[in-house]
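These numbers come from a predicted model, not from an experiment. Below, chains carry the letters A, B, ... as their sequence lines are ordered, and counting in each starts from 1.
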Number of protein chains: 2
Amino acid sequence: MQRKSGHVTLLDIARACGYSVSTVSIVLSEAPLSQNVAASTREQIRKMALHLGYHPDAYARSLRRRRSQTIAVLAYDLSDPFCIPVVHGIQASLQPASYLPLLVDAQTQRKLFDNYLRMILERRAEGVIVIASWIFQETNLLDDIEKNQVPIVIVGRDLTKRNVSSLLVDNKAGGALAMQHLIALGHRRIAIVRGPEELFDTELRWAGVQRAASEAGITIDPKLVYQLPNITDSTSGFEGGLHFAQEMLASKRPFTAVLAFDDLTALGVVRGLNSAGIRVPEDCSVVGFDDVLPAAVSTPGITTVHQPLKEMGLLAAEWTLQAINGREQQKERPVQLHNAQPELIVRMSTARAPARRKSSP
Amino acid sequence: MQRKSGHVTLLDIARACGYSVSTVSIVLSEAPLSQNVAASTREQIRKMALHLGYHPDAYARSLRRRRSQTIAVLAYDLSDPFCIPVVHGIQASLQPASYLPLLVDAQTQRKLFDNYLRMILERRAEGVIVIASWIFQETNLLDDIEKNQVPIVIVGRDLTKRNVSSLLVDNKAGGALAMQHLIALGHRRIAIVRGPEELFDTELRWAGVQRAASEAGITIDPKLVYQLPNITDSTSGFEGGLHFAQEMLASKRPFTAVLAFDDLTALGVVRGLNSAGIRVPEDCSVVGFDDVLPAAVSTPGITTVHQPLKEMGLLAAEWTLQAINGREQQKERPVQLHNAQPELIVRMSTARAPARRKSSP
DNA sequence: CGTCCTTATTCAAACGTTTGAATCTCTTGA
DNA sequence: TCAAGAGATTCAAACGTTTGAATAAGGACG
C-alpha cells in the first residue's frame with residue numbers, strides 16, 4: 001500500500017477507489033469543477049485520502065501552479081531579541097493568507113546571508129522580508145532579487161533610496177524621547193553611549209538626543225559621550241556598556257544619568273555602575289532603547305524606548321502580500337516608507353536627579 | 001529575455017546558446033556526465049547562466065530528484081530564549097550538509113502547531129526536529145509523521161517510550177547541582193519554586209533537588225515549596241516568580257535562599273524580593289535554571305544551571321541526517337536517548353547564607 | 001429521431017528538472 | 001573499407017500536480 005517513496009500520491013488514491021487522477025485531484029484540491037462531481041464520489045475519495053494519509057506534494061503543486069505560497073523572512077540574527085517580535089508580527093499576517101514564512105537566520109554572517117539568499121531565489125519565494133542591520137553594507141545581492149521581480153521589504157533600515165520599501169522606528173523621535181525624559185527628571189550631566197558607527201540608527205538617535213538637548217537649552221559635554229565599538233557578536237552591546245561604565249567612572253567625570261544606545265548596552269551600564277557601588281536609579285539613572293525581553297525582566301526594570309516591532313512585522317507582511325497581488329494585476333506598487341512611532345516605557349531604572357552632585361563614589 | 005513567470009529556466013539558456021536542455025542541465029548541475037561535455041561548451045553555458053541570472057527551480061529539482069533537502073525545525077515558541085541556541089546548533093550542523101532548516105514557530109498554539117505539521121508533511125521534509133515543551137500533550141500528530149517514514153528527533157523531552165529519539169538535559173542532575181550549590185553555601189531554609197505541573201521537567205528537577213537535600217541530611221520544609229501555575233504566555237514564568245516572592249514574604253516564613261524552576265522565574269523572584277527591600281544575594285540567594293540571555297545580563301547575574309543547548313541542537317541535527325542516510329541504505333536506526341550534562345554557572349545572585357536569621361524584613 | 005443541454009468523469013499537456021539510453025560524428029586500428 | 005570505440009550531445013520519460021478541453025451517458029425538447 002505504501003509507495004516506495006514513502007508518500008501517498010493522487011495515483012494511489014485513484015487506483016484504490018477506481019477513479020482517474022483528475023477526478024481525485026479536483027475533489028481534493030476543491031477546484032471549482034468539484035461541484036460537478038457526484039457527492040458520493042467526493043465522499044469516497046475524501047475518505048480514502050484520509051485513510052491512506054494523503055498529503056499533497058507541495059513541490060508538484062507549486063511547480064504546476066507556478067506559486068510557491070512562500071515568503072522568505074531573512075533575519076540578520078535570531079539571537080537578537082529584536083527579531084522575534086517582528087517575526088511574530090509577520091507570522092500573524094501571513095497565517096490567514098496561508099503563506100508560509102520561510103524563516104532563515106543569517107547569524108550575522110555575510111557568507112550565510114549570501115547562501116540563504118540564493119536558496120530563497122531557488123525556492124521561488126514570492127516575496128522577501130529582510131530584518132536588517134549592519135549586515136548590509138554592500139547590498140548588491142538585493143539586485144539579484146530585484147532582477148527576478150520578487151517584491152522585497154526591509155525592516156529596521158531605510159532603503160527607499162534604493163527603491164526598497166522600508167519600515168523602521170523613528171530613531172530621531174526615539175532618541176529625543178529618551179533625552180527629554182532624563183531632562184524632565186532634572187538631570188543635566190547626562191552621559192551618552194552612542195551606537196556603533198556601522199549602524200545607521202546611531203546617527204539618527206544621536207540627532208534626536210541633540211535636538212532634545214538644545215530645545216531644553218542644555219549642552220552635552222563631549223567628554224561624556226562614548227562611542228561603542230563595532231559589533232562582534234550578540235553580547236557585544238552588553239560588554240560595551242560595561243566597558244563604558246568602567247571607563248567613565250575611572251575618569252572621575254561626574255554624571256547623574258546615562259542614555260544608552262540600546263537595552264543590552266543599558267544592562268551593561270547598570271552592571272558596571274553597580275559593581276562600583278553606584279545604585280540605579282538612586283545615584284544614577286539609565287535609559288535604554290528597543291524594549292526587548294531582558295530589559296523588562298531585569299531588576300530594576302530598564303526604562304526604555306519601545307519599538308512597535310510586532311506592528312512593523314505585521315505591516316511588512318501586509319505590504320509584501322499587497323505587492324504580490326498587485327504584481328498579478330500588473331500594477332506597479334510605489335516604494336513605501338513607514339516611520340513607526342516609538343513610545344517611552346518608564347520602568348525603575350530612572351529617577352529624579354540626586355540633589356547633591358554625586359555619581360563617582 | 002525575461003520569461004513571463006519572471007524566472008529563467010534551463011530552456012532559456014539552451015535556446016540562448018544553442019544547446020539542448022539536457023546538456024545545459026548536465027553542466028549546471030555538475031552531473032557526472034559533465035566530464036564528457038566539451039570544456040568550451042561548459043564555459044559558454046556557465047557564462048550564459050550567470051548572465052541571465054539563472055537559479056535552478058528547487059521545486060522542479062526536488063520533484064524529479066525525490067529529495068527536498070529540507071529538514072523541518074518545529075519550535076514551540078521562538079520567543080522563549082531557550083529555543084534560539086538549539087536552532088543555532090541545528091543550523092550549524094545542517095549548513096555543511098547543505099540541508100535547509102525549515103524553521104517554524106508554533107507560538108505555543110496548538111492550532112498553529114497542527115497547521116505547520118501539515119505544511120511540513122506537504123513540503124516533504126526529509127526529517128523533523130521538534131523543540132518541545134508542554135505543547136505536546138496529545139502527540140497523535142507525530143503518528144502522522146511516523147506513518148510517512150520521516151525520521152523525527154525531539155529536543156527537550158524524553159519520548160523514547162514512543163519510539164522517538166530524544167535529547168534533553170539531565171534534569172535530575174541539574175536540580176541536584178543547584179541544590180548542592182545552595183547547601184554548600186550554608187543555606188538551610190531553602191524555598192523551592194516548582195515548575196508548572198504540565199511540564200515534564202518539573203518532576204525530574206524536583207527529584208534531583210530532593211536527592212541532594214536528603215544526601216546532605218536536610219529536610220525541605222513543605223511550607224517553603226511553591227507550585228507555579230500552568231503556562232499562559234512567554235512571560236508567565238517571570239510573573240510566577242514575582243507572585244511567589246510576594247506570597248512567601250507575606251506568609252512571614254523565614255528562608256535564606258530560593259531555588260527557582262527556571263531563569264525567568266528566578267528573575268521574577270529577584271524582582272519580588274527587591275521590591276520588599278530584600279537584597280540579592282546579601283539577604284537571600286536565588287538560583288535559576290537554563291542559562292538564557294536575560295539571566296546573564298541582569299544585575300546581579302543569575303547563578304544558574306546551564307543547559308548545553310547548542311550542543312543538543314548540533315547532535316539532534318546529526319542524528320536526523322544519519323537517520324536520513326541510514327534509511328537510504330535500508331538500515332533501521334535504533335531509538336536513541338541523550339542525557340546532556342548540565343553545568344552550574346555561578347554568578348552573583350548566590351552568596352553564603354547570612355549569619356543571623358533574617359529574610360523577612 | 002436528432003439536437004442540445006446537463007452531469008459526471010477522463011484525457012492529455014504542462015510546470016522545470018534529471019538521467020538512463022540513444023544518437024551522431026569522429027578517430028583508430030585491423 | 002569497416003567495425004569498434006570514444007567523445008559530445010540529445011531524446012524522451014519521469015517526478016506529482018492542475019486544468020482546459022474532450023468524452024460519455026443520460027435526459028428533455030422540438
Nearest-Å distance, CG (B:Leu11) to C1' (D:dC11)? 15 Å

Nearest whole angstrom, please: distance from the P of C:dC5 to the CG of A:Asn36. 16 Å

Please determine, by modelled atom types, if B:Tyr59 and A:Arg64 share a side-chain donor-acceptor pair under 3.5 angstrom. no

Applying a 4.0 Å non-hydrogen cut-off, can you work out what A:Thr41 is touching in the nucleic acid: base, sugar-phosphate, or nothing? sugar-phosphate

Base, sugar-phosphate alone, or nothing: which one does B:Tyr19 contact when heavy atoms must sit under 4.0 Å apart? sugar-phosphate

Ignoring hydrogens and angles, write down the donor-acceptor pairs under 3.5 Å from the side chains of residues 310-323 of chain B, residues two or more places apart or on other chains.
from, atom 1, to, atom 2, distance (Å)
B:Glu318, OE2, B:Ser93, OG, 3.1
B:Thr320, OG1, B:Ala316, O, 2.7
B:Gln322, OE1, B:Arg333, NH1, 3.4

Check whether any side-chain nitrogen or oxygen of B:Thr9 sits under 4.0 Å from OP1 or OP2 of C:dG16, and answer yes or no. no

Note: A:Arg118-A:Asp114 ion pair, threshold 4.0 Å (strictly below): no

If I take atom CG from residue B:Asp12 and atom CG from residue B:Leu52, how far apart are they, to the nearest 0.5 angstrom? 7.0 Å

Rounded to the nearest Å, what distance is computed from the CG atom of residue A:Asp57 to the P atom of nucleotide C:dG16? 16 Å

Could you state the atom-to-atom distance from CD of A:Glu122 to P of C:dG16 in whole Å? 15 Å

Using side-chain contact (heavy atoms from CB on, under 4.5 Å) as the criterion, list what pairs up with A:Thr41, not counting sequence neighbours. A:Tyr19, A:Thr23, A:Val37, A:Ala38, A:Ile45

Figure out the CZ/P separation between B:Arg123 and D:dG16, and round it to whole Å. 18 Å

Restricting to nitrogen or oxygen on both sides, can you table the protein-nucleotides 12-14 of chain D pairs closer than 3.5 Å?
from, atom 1, to, atom 2, distance (Å)
D:dA12, N6, B:Ser22, OG, 3.2
D:dA14, N3, B:Arg64, NH1, 3.0

Start at the 5' end of DNA chain C and walk down; is the nucleotide closest to A:Leu63 or to A:Ala38 reached first? A:Ala38

If I take atom OH in residue B:Tyr59 and atom C1' in nucleotide C:dG16, what distance separates them, rounded to the nearest angstrom? 13 Å

Quick one: does any side-chain atom of A:Arg66 pair with a main-chain N or O of A:Leu63 as donor and acceptor, under 3.5 Å? no

Considering just the side-chain nitrogens and oxygens of A:Ser20, establish if one lies under 4.0 Å of OP1 or OP2 belonging to C:dT9. no

Separation of A:Leu167 CG from A:Gln336 CD (nearest 0.5 Å): 8.5 Å

Counting only non-hydrogen atoms, which of residues 25-35 of chain A are less than 4.0 Å from DNA chain D? A:Ser25, A:Ile26, A:Ser29

Side-chain donor/acceptor of B:Ser34 to backbone N/O of B:Glu30, under 3.5 Å: no

Short question: side chain of A:Thr70, backbone of A:Leu102 - any donor-acceptor pair under 3.5 Å? no

So how far off straight is the helix from C:dC1-D:dG30 to C:dA30-D:dT1, going by the axes through five pairs at either end, to 10°? 80°

In whole angstroms, the gap separating P of D:dA8 from CD1 of B:Ile45 amounts to 13 Å

Output yes when at least one side-chain N/O atom of A:Arg61 is less than 4.0 Å from OP1 or OP2 of D:dT18, else no. yes

When rounded to whole Å, the CD to P distance for the pair A:Gln69 and D:dT17 reads 16 Å

Report the distance from atom CG of B:Asp105 to atom CG of A:Leu103, rounding to the nearest 0.5 Å. 8.0 Å

Looking at A:Leu74 and A:Ala106, what are the two nearest heavy atoms and their distance? CD1-CB, 4.5 Å

Among all residues two or more places apart in sequence or in another chain, which pass the side-chain contact (heavy atoms from CB on, under 4.5 Å) test with A:Leu33? A:Ile26, A:Asn36

